[in-house]
Amino acid sequence: MIRRPAPAGPSQADRSPALFWILQLAFIAVNVVLAVWMPKHGAAAMWHGRFTLLGGVIVAMLFSRPAPAAYAAAYITGCEVFWRMKKAELPWEMGKYAVILVLGMAIIRSGKLKRSFLPAAYFVLLLPSCILGLGVYKGDDMREQLTFNLLGPLALAVCAVFFASVPLSVQELRNTLICLIGPVTGVAILGSQMLQEKNIEFNADVSNSVASGGYGPNQVAAILGLGMLAILVYLALGVPSKLMLFSMMGLFVLMLRQCILTFSRGGLYMLVGAVIAGGFFLVRDRKQRKRLFMGGSILAVVLVAYLLPRVEKMTRGAVGERFSSIDTTGRSLLIQADIETFFRNPVLGIGPGLGEKNRLKYFRVGTAHTEWTRMLAEHGTLGFLSIIAIFALALANLRRAETPRDKAIAAAFMAYAFLHMCVDATRLVAPSFAFGLGTWTVFRARRRTVAVPAKIVRPRPPGVPARVAV
């Protein structure tokens, strides 16, 4: 019997695409209702966070396929800023703890561990410098410094190993993006709602906490930037209906408007950098190139003809002045302090969290905003080797991606992660999860084989001439 491959049957997503995108829109709508309904300073946000973590742990333990764990981690990533805006009584680093726990359990559950050397090297190289803090910090101070500075790198390593080891189908990646877009939409709604409740004067010199829902504009703008990138990647994967297309474009405009109104430029710069990185590979695909130019043209018209004029009028010209400024708001001084610290302590650095003292000599805030120079200052040469490891991992991911679309997705998410780490270090789990999405491995179902009877060749009787083909 000869076994020949038979065409694979349609997946569940192909058989009922309408059900999938309807459920996706319903999921986003539920998150909008939660954002509006859930009171601030109440216990609802706390219980929402606890049940989200519990649900993530359960799906990571019960499901053999890794997709549900990816959905849970994406939702946690989108909810991290939402919980902080709602002042939920949760650990400050809840998002990082939860993503590490859920994806770590999913890796153990799947029994797969591929391409883990570089992510492990990136994190392990940062550990020796921790001993330098033993004589400075005591008890809770030591724990806070280590978690604040090292949980982000650990989350990045775990996300990179998870998405590289356990492949996801295109439909599962769409669902993962929706789980991120849903809570980020809620973040945008919260900011827009507060703007309607208060009359404010926009100042081009500072970011706007009111448009950020009463929370830090830097982090709100950053997560909105990731939400917009997730929408663009969703569109690049193919849209199942026109209603979904218009809904995604509407959500993109909503997030873009709110991101601009925060007056925090970082989120928008992260998005632009990611789009440029992804577009570089996407234009190589004829079909995707057509989508890129058509979608870009439509968004450009909406931006120039509708959004920007309204925002300029609303802010009385302050937004143009804000985004045309090249002031680094003290980050260049913090970078200078970190480089000075590195040259004074080139081997192990000064230790996690201990670079703050030298930064205060240069700027009024001592907390690092640029992860790359923080790694140099606080981890020394080992921090430099860690940086090499993560860039080598990024390059390996780009080479491993097979199609221009896959390369574009990898480049876009990793560019977002790198730019986030330039502006806001690893204050959120967002850059870690985004980098993990950049290592996404495409699940390609094996084709089934069917048995085909072999042709029986019977021996020719003696004396019978063979047939001659004419």
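The figures here come from the full heavy-atom set of this structure, side chains too, leaving out hydrogens, waters and symmetry mates.
Sorted by first and then second residue, the salt bridge (Lys or Arg N to Asp or Glu O under 4.0 Å) pairs involving residues 339-355 (not counting sequence neighbours) are E340-R344. Every pair passing side chain to side chain donor-acceptor pair (under 3.5 Å) that includes a residue from residues 223-236 is listed here, sequence neighbours excluded: Q24-Y234.
Taking CG of L25 as the reference point, atom CD1 of I181 lies at 10.5 Å (rounded to 0.5 Å). Rounded to the nearest 0.5 Å, atoms OG (S165) and CG (L103) are 11.0 Å apart. Note that the OH atom of Y362 and the CG atom of L334 stand 11.0 Å from one another [nearest 0.5 Å]. Once rounded to the nearest 0.5 Å, the distance linking CZ of R427 with CD of E93 reads 10.0 Å. For the atom pair CG of L173 and CG of L437, the computed distance is 6.5 Å after rounding to the nearest 0.5 Å. To the nearest 0.5 Å, atom CD1 of residue I189 and atom CD of residue Q193 are 8.0 Å apart.
Under the side-chain hydrogen bond (donor to acceptor under 3.5 Å, both in side chains) criterion, Y75 pairs with N31, H48, sequence neighbours left out. Not a single salt bridge (charged side-chain N to carboxylate O under 4.0 Å, His left out) links E356 to another residue, sequence neighbours left out. Every residue meeting the side-chain hydrogen bond (donor to acceptor under 3.5 Å, both in side chains) condition with R400, not counting sequence neighbours, appears here in chain and number order: N397, T441. Evaluation of the ring-ring contact (aromatic ring centres under 6.0 Å, His included) rule for Y416 yields H420 as partners, not counting sequence neighbours. In terms of the side-chain hydrogen bond (donor to acceptor under 3.5 Å, both in side chains) criterion, T185 has no residue partners (sequence neighbours excluded). Under the ring-ring contact (aromatic ring centres under 6.0 Å, His included) criterion, H379 pairs with no residue at all, not counting sequence neighbours.
Checked by atom type and distance alone, the side chain of W440 pairs as donor or acceptor with a backbone atom of L168 at under 3.5 Å. Proximity of a side-chain donor or acceptor of T370 to a complementary backbone N or O of C422 within less than 3.5 Å is detected. A distance-only check finds a donor-acceptor pair linking the side chain of R174 to the backbone of L237 [under 3.5 Å]. Judged purely by atom type and a 3.5 angstrom limit, T147 uses its side chain to pair as donor or acceptor with the backbone of R143. Not one N or O on the side chain of K96 forms a donor-acceptor pair closer than 3.5 Å with the backbone of L150. Of the possible polar contacts, one joining the K407 side chain to the L398 backbone as a donor-acceptor pair under 3.5 Å is found. Panel note: side chain T176, backbone E172; a donor-acceptor pair is recorded below 3.5 Å.
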Chi angles and distances behind the side-chain contact (heavy atoms from CB on, under 4.5 Å) call for I223, E80 = CA-CA 9 Å; I223 198 64; E80 184 178 28; over 6 Å; no

Given the rule in the side-chain contact (heavy atoms from CB on, under 4.5 Å) test, do V166 and I107 qualify, once you have shown the distances and angles that lead to the verdict?
-> CA-CA 8 Å; V166 285; I107 293 171; 5.8 Å; no

Output, in order, the C-alpha distance, side-chain angles, deciding distance and verdict of side-chain contact (heavy atoms from CB on, under 4.5 Å) for Y71 and V59.
-> CA-CA 9 Å; Y71 304 160; V59 298; over 6 Å; no

Candidate pair L393 and M414, rule side-chain contact (heavy atoms from CB on, under 4.5 Å), full reasoning = CA-CA 10 Å; L393 177 59; M414 289 188 294; over 6 Å; no

Run the ring-ring contact (aromatic ring centres under 6.0 Å, His included) check on F163 and F433 step by step: do they pass?
-> CA-CA 10 Å; F163 283 101; F433 187 76; 5.6 Å; yes

How far apart are the C-alpha atoms of Q219 and R84, what are their side-chain angles, what is the distance that settles it, and do they pass the side-chain hydrogen bond (donor to acceptor under 3.5 Å, both in side chains) test?
-> CA-CA 10 Å; Q219 297 179 32; R84 293 181 183 181; 2.8 Å; yes

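The neighbour count for E89 CD, taken as heavy atoms of other residues, nucleotides or ligands under 6.0 Å away, does not exceed 12. By the neighbour-count criterion of 12 heavy atoms within 6.0 Å, atom CH2 of W47 is sparsely surrounded, having that number or fewer from other residues, nucleotides or ligands. Heavy atoms from other residues, nucleotides or ligands lying under 6.0 Å from CZ of F323 number more than 12. Within a 6.0 Å sphere centred on OH of Y306, heavy atoms belonging to other residues, nucleotides or ligands number 12 at most.
Side-chain atoms of F252 and M248, non-hydrogen and from C-beta on, never get closer than 4.5 Å to each other. Between L53 and L101 the shortest side-chain heavy-atom distance falls below 4.5 Å. Proximity of D424 to H369: side-chain heavy atoms (C-beta onward) are separated by under 4.5 Å at one or more points.
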Identify all side-chain donor-acceptor contacts of residues 255-277 below 3.5 Å with residues at least two apart in sequence or on another chain.
residue, atom, partner, partner atom, Å
Q258, NE2, G191, O, 3.4
Q258, NE2, A211, O, 2.9
T262, OG1, C259, O, 2.6
T262, OG1, S264, N, 3.3
S264, OG, N218, OD1, 2.9
R265, NH1, S325, O, 2.8
R265, NH1, D327, O, 3.2
R265, NH2, D327, O, 2.7

With a 3.5 Å cut-off and sequence neighbours excluded, list the donor-acceptor pairs that the side chains of residues 308-321 form with protein atoms.
residue, atom, partner, partner atom, Å
E312, OE2, G320, N, 2.9
T315, OG1, V311, O, 2.9
T315, OG1, V319, N, 3.3

Which pairs would a plain distance check flag for residues 151-159, meaning a side-chain donor or acceptor within less than 3.5 Å of a matching protein atom at least two apart in sequence or in another chain?
none

Name the atoms and distances for all side-chain donor-acceptor pairs under 3.5 Å in residues 119-132, with sequence neighbours left out.
residue, atom, partner, partner atom, Å
S129, OG, L348, O, 2.7

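Looking at D338 and R359, a side-chain N of the basic residue comes within less than 4.0 Å of a carboxylate O on the acidic one, giving a salt bridge.
For the pair G182 and F27, the tightest heavy-atom approach, listed with the atom from each and the gap, is CA-CE2, 4.1 Å. Nearest heavy atom pair, residue L177 against residue A230, reads CD1-O, 3.8 Å. Heavy-atom minimum distance, M38 versus A44: CG-CB, 3.6 Å. P66 approaches P167 most closely through the heavy-atom pair CG-O, 4.0 Å. Between M421 and P431, the shortest heavy-atom distance links the atoms CG-CB, 4.2 Å. Pairing each heavy atom of L226 with each of F413, the nearest pair is CD1-CE2, 4.2 Å.
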